[in-house]
*Asks:* 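Here it is, the structure in full.
Just so you know, ligand 1 is whichever comes first in the structure, and atom 1 is the first atom listed for that ligand.
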Amino acid sequence: MTCLELKGVSKRYDGAVQDALHALDLEIEEGEILGVVGASGSGKTTLLRLVAGLESPTTGELRIGGLKVAGEGAWVPPEKRGVGLVFQEGALFPHMTVEANVAYGLRGLSKEERMARLHYLLAMVNLRAAALRYPHELSGGERQRIALARALAPNPKMVLLDEPFSNLDPNLRTYLRDQLLAIIRKVNATALVVTHDTQDALVISDRLAILRDGQLVQHGPSRDVYHTPNDAYCARLFGPANALPEAWSGVAVGKGRPWIRPRELELLENEAPGTLEVQVHATQFLGDQLGVLVYPIGVDRAHEEPLLVHEDLYGHLHEVGATRWIRLRSIV
Ligand code: ADP
Ligand code: MG
C-alpha cells in the first residue's frame, strides 16, 4: 500500500522569487526507505517539513496512508499526521531525561503500557542503561539513537530523518547509520531519509529521489539511479563520472550508458579491440587507488575535460605523457 503520496506539490516561501520545491510527484510504499539526495538548497528539508506538516504547500496535495493531509482546503496538523521526526541535531528536550524524552511520544497510554513500550524502545536502541541520563550526558551517536526511539515511540506511519548522521565523525557515522537502518528495518517502518552524503543514501535506501533546484530530476531503485543517471548532475552526486568519449558515441558501449565511472575504465599498455588511444595527463594518489587523468588523442585540451580512470595502486606505472589505451572493464 502507498504510505505517502505527493501530487504536484510546490512550495514557494513568502517573498521568494522561485519555488523551493516545484511540481513534485512522489510516492513511498509502506515499509520502504526512500533516500532523498541533492545539493545544498535543492529543497530536501522543505520536502520533509511539508510531509511533517511544519509547512503547507503553495499548490498540490499530500496524502499519508490514503488520507489527504494538505491541499485544496485539507489540513491535518503535524501531531495528527502519525509522522515521527529525527533532525540533524537530534533535538531532544535538554531538561528531560532520556526516559522522559522517549516517553514524551507515548502520552495517552496507561502507565503500564507506557513503561512496557519505553523499555522495549530503549532496549531496541541499546540504551536501557542510559534511561536516567540527560541529553548532555550522551554522545552524539547516543543522542541520535534516542531521537529515533522517541520518533518511533507512538508507532508512526512513517519516520522522517533529516541529515541524521551529518554531525558525527566518520567512523561513528557509519556505525550509527548501520544501527539506525537495522532498527528501521526491524520495526518495518516506512522512512524518508534526507542526506547530502550519497554513499549513505546508497547504503540505506530502497529507492532514491534526486532533487535539483526544487525539482525531482531522477527517481527509482538505488542501483538504477547509480548506474544509469539521467544527466551529469545525477551522475556526479555519487562521485566522479566521465562523459562518454566522442570517439565511442554511436558505438554500443556498455549498453549505451552516457556516463562512465572511473572504476569502469581500465588502462592498457597496448592497443586491443575496443580500446581508445589516450595520453596520460596527470596522476592522483587517492589512498587505496590511483587516479589517472587521460586525454584521448586529438581532443582539444583547452576545452575538454580529461577522462578519469581509477587504477589499482599497485598496478602499472603511468608516467605523465605516456601513451595508453582505455577500455571498458567487463565488471559491469
Ligand atoms: P536543502 O535542505 O536541500 O538544503 P532547503 O529545503 O532547506 O534545501 O531549501 C530550499 C530553498 O528554499 C533554498 O533556496 C532556501 O534558501 C529556501 N528556504 C528554505 N527555508 C526557507 C524559509 N523558511 N524561508 C525562505 N526561504 C527558505
Ligand atoms: Mg536541509
Side-chain angles (χ1 to χ4, degrees), residues 4-28 33-62 64 69-71 75 77-78 81 83-92 140 143-144 147-148 151 158-168 170 173 176-177 180-181 184 191-205 207-220 222 225-226 229-239:
L4 173 72
E5 195 180 353
L6 280 79
K7 264 199 213 144
V9 169
S10 294
K11 174 68 185 177
R12 182 170 300 198
Y13 289 104
D14 289 345
V17 292
Q18 67 178 53
D19 291 347
L21 268 188
H22 184 73
L24 204 70
D25 291 316
L26 192 64
E27 287 185 4
I28 306 182
I33 301 180
L34 180 80
V36 179
V37 295
S40 178
S42 57
K44 304 182 297 294
T45 296
T46 299
L47 170 62
L48 278 203
R49 292 178 62 83
L50 283 165
V51 175
L54 303 173
E55 300 285 352
S56 58
T58 310
T59 56
E61 63 173 58
L62 286 91
I64 296 176
V69 295
W75 180 251
R81 289 195 182 189
V83 167
L85 282 170
V86 178
F87 294 108
Q88 192 172 332
E89 304 284 353
L92 298 175
R143 276 201 289 275
Q144 288 302 67
L148 182 66
M158 66 188 299
V159 278
L160 312 176
L161 299 98
D162 195 356
E163 311 257 6
F165 330 111
S166 60
N167 277 352
L168 304 169
R173 75 180 272 135
L176 179 76
R177 177 192 73 197
L180 292 196
L181 177 64
I184 290 169
L192 203 164
V193 187
V194 162
T195 170
H196 64 261
D197 186 305
T198 47
Q199 184 76 53
D200 285 347
L202 287 172
V203 173
I204 62 183
S205 313
R207 283 189 310 138
L208 279 174
I210 301 181
L211 291 176
R212 180 185 194 179
D213 296 333
Q215 311 225 24
L216 185 67
V217 286
Q218 193 163 2
H219 177 212
S222 306
V225 171
Y226 181 80
N230 280 350
D231 58 19
Y233 174 85
C234 296
R236 291 182 173 153
L237 275 178
F238 299 95

*Asks:* Counting each atom of ligand 1 from 1 as listed, which ones have a heavy atom of A20 under 4.0 Å away?
*Replies:*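 Numbered from 1, ligand 1 contributes 11 (C), 12 (O).
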*Asks:* Give the residue, atom name and distance (to 0.1 Å) of the protein heavy atom nearest atom 10 (C) of ligand 1.
*Replies:*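 So the nearest neighbour among protein heavy atoms is G41 O, 3.4 Å.
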*Asks:* Please classify the A16 to ligand 1 contact at 4.0 Å (heavy-atom distances, strictly less than): side chain, backbone, both or neither.
*Replies:*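 Neither part.
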*Asks:* Hey, are R177 and D197 close enough for a salt bridge, meaning a charged N less than 4.0 Å from a carboxylate O?
*Replies:*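 Result for this pair is no, no salt bridge flagged.
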*Asks:* Under 4.0 angstrom from atom 13 (C) of ligand 1, is there any protein heavy atom?
*Replies:*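 Yes.
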*Asks:* Among all protein heavy atoms, pick the one closest to atom 8 (O) of ligand 1 and tell me residue, atom and distance.
*Replies:*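 For atom 8 (O) of ligand 1, the nearest protein heavy atom is G43 N, 3.2 Å.
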*Asks:* Give a yes or no on whether the backbone of G38 and the side-chain of K44 come within a donor-acceptor separation of less than 3.5 Å.
*Replies:*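 Confirmed, K44 side chain pairs with G38 backbone.
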*Asks:* Quick check on the Mg ion (ligand 2): does T46 put an N/O/S atom closer than 2.8 Å to it?
*Replies:*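 No, outside the cut-off.
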*Asks:* What is the nearest protein non-hydrogen atom to atom 5 (P) of ligand 1, stated with its residue, atom name and distance?
*Replies:*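 Scanning the protein heavy atoms, the shortest distance from atom 5 (P) of ligand 1 goes to T46 OG1, 3.7 Å.
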*Asks:* Just to confirm my output: which protein heavy-atom neighbour is closest to atom 19 (C) of ligand 1, and how far is it?
*Replies:*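 Its nearest protein heavy-atom neighbour is Y13 CE1, 3.4 Å.
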*Asks:* Would you confirm whether R81, through its side chain, and V69, through its main-chain N or O, come within 3.5 Å as a donor-acceptor pair?
*Replies:*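 Yes; judged by distance alone, with no hydrogens or angles, the pair exists.
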*Asks:* Quick check against the 3.5 Å criterion: does Q215 have a side-chain atom that pairs as donor or acceptor with the backbone of L24?
*Replies:*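 A pair under 3.5 Å: no.
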*Asks:* Using heavy atoms and a 4.0 Å limit, tell me yes or no: is G38 in contact with ligand 1?
*Replies:*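 Distance cut 4.0 Å: G38 fails for ligand 1.
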*Asks:* Between Y226 and T198, do the side chains contain an N or O donor and an N or O acceptor separated by less than 3.5 Å?
*Replies:*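 There is no such pair between these side chains.
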*Asks:* Regarding R212 and the six-membered ring of Y233, is the cationic atom NZ or CZ under 6.0 Å from the ring centre and inside 45° of its axis?
*Replies:*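 Judged by the rule, R212 and Y233 form a cation-pi pair.
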*Asks:* Protein heavy atom under 4.0 angstrom of atom 16 (O) of ligand 1, is there one?
*Replies:*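 No, there is no protein heavy atom closer to it than 4.0 Å.
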*Asks:* Heavy-atom contacts with S40 under 4.0 Å: which atoms of ligand 1 show up? List them by number with element.
*Replies:*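 Heavy-atom distances to S40 below 4.0 Å select 4 (O).
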*Asks:* Using only atom types and a distance under 3.5 Å, with no angle test, would you say the side chain of S10 pairs donor to acceptor with the backbone of A23?
*Replies:*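 Yes, S10 side chain to A23 backbone: donor-acceptor pair under 3.5 Å.
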*Asks:* Which of the numbered atoms in ligand 1 are below 4.0 angstrom from a heavy atom of A39?
*Replies:*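 Here the atoms of ligand 1 in question are 3 (O).
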*Asks:* Give me the nearest non-hydrogen protein atom to atom 7 (O) of ligand 1 as residue plus atom name, then the distance to 0.1 Å.
*Replies:*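 Nearest protein contact, heavy atoms only, for atom 7 (O) of ligand 1 is T45 CB, 3.8 Å.
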*Asks:* My understanding is that we take every heavy atom of each candidate and find the minimum distance to atom 3 (O) of ligand 1. Doing that for R212, R12, K44, which one comes out nearest?
*Replies:*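 Nearest heavy atom to atom 3 (O) of ligand 1 lies in K44.
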*Asks:* Can you name the closest pair of heavy atoms from L21 and G43 and give their distance?
*Replies:*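 That would be CD2-O, 3.8 Å.
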*Asks:* Are the side chain of D19 and the backbone N or O of G214 linked by a donor-acceptor pair below 3.5 Å?
*Replies:*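 Such a contact is absent between D19 side chain and G214 backbone.
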